[in-house]
Visitor: 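What follows is a single structure, and I will ask about it in a moment.
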Amino acid sequence: MFDNKEKLTKFIIDNVMTSGEVLDYLGIERQTLHSLVKRGKLVPLKKAKETSLFLRQDIEDRKTSAEELKEKFRPYE
């Protein structure tokens, strides 16, 4: 799929997020991220001690879903 290391690196940079990046992007706390993973709402590609890696598309989908739920159940905010 990848002809060289540069293409692989670009793919990873463009499509993979660390747990820290996910926290910033979704505006959530680490405990919330842990809960989402535990409940199967987000599935990491790889887990290490302090960091997990996630597909960017999964995180963007989760953000969209959370915004839709917020509009539906908290329209006054």
Visitor: Can you list the residues that meet the side-chain contact (heavy atoms from CB on, under 4.5 Å) rule with L69, with sequence neighbours excluded?
Guide: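 Expected list: S65, F73.
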Visitor: Is there any salt bridge (charged side-chain N to carboxylate O under 4.0 Å, His left out) pair reaching into residues 17-32, and which pairs are they, with sequence neighbours excluded?
Guide: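 As it turns out, there is no salt bridge (charged side-chain N to carboxylate O under 4.0 Å, His left out) pair with a partner in residues 17-32 once direct neighbours are skipped.
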Visitor: List in chain and number order the residues that pass side-chain contact (heavy atoms from CB on, under 4.5 Å) with N4, two or more places apart in sequence or in another chain; answer none if no residue qualifies.
Guide: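 side-chain contact (heavy atoms from CB on, under 4.5 Å) check on N4 returns E6, K7.
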Visitor: Taking side chain to side chain donor-acceptor pair (under 3.5 Å) as the cut-off, I'd like each qualifying pair that reaches into residues 43-57, sequence neighbours left out, listed once.
Guide: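 Checked against side chain to side chain donor-acceptor pair (under 3.5 Å) - neighbours excluded - the pairs reaching residues 43-57 are Q57-D61.
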Visitor: Under the ring pair (Phe, Tyr, Trp, His ring centres under 6.0 Å) rule, what pairs show up with a residue in residues 4-24, not counting sequence neighbours?
Guide: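 Residue pairs with at least one partner in residues 4-24: F2-F11.
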Visitor: Identify, with sequence neighbours excluded, every residue that meets salt bridge (charged side-chain N to carboxylate O under 4.0 Å, His left out) alongside K10.
Guide: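 Counting only residues at least two positions away or on another chain, K10 forms a salt bridge (charged side-chain N to carboxylate O under 4.0 Å, His left out) with D14.
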Visitor: What pairs with T9 under side-chain contact (heavy atoms from CB on, under 4.5 Å), at least two apart in sequence or on another chain?
Guide: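 Result, side-chain contact (heavy atoms from CB on, under 4.5 Å) vs T9: K5, I13.
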Visitor: Can you sort out the partners of S35 under side-chain hydrogen bond (donor to acceptor under 3.5 Å, both in side chains), two or more places apart, ordered by chain and number?
Guide: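 Per chain and number, S35 pairs via side-chain hydrogen bond (donor to acceptor under 3.5 Å, both in side chains) with R39.
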Visitor: Who passes side-chain contact (heavy atoms from CB on, under 4.5 Å) against V43, sequence neighbours left out?
Guide: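 Scan of V43 (side-chain contact (heavy atoms from CB on, under 4.5 Å), adjacent residues dropped) gives none.
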Visitor: Linking Ile, Leu, Val, Met, Phe, Trp and Tyr through side-chain heavy atoms less than 4.5 Å apart, which residues share a cluster with L33?
Guide: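 In the cluster with L33 are M17, V22, L23, Y25, L26, I28, L36, V37, L42, F54, I59.
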Visitor: Looking at residues at least two apart in the chain, or sitting in another chain, which of them share a side-chain hydrogen bond (donor to acceptor under 3.5 Å, both in side chains) with N15?
Guide: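 By the side-chain hydrogen bond (donor to acceptor under 3.5 Å, both in side chains) rule, N15 matches no residue at all.
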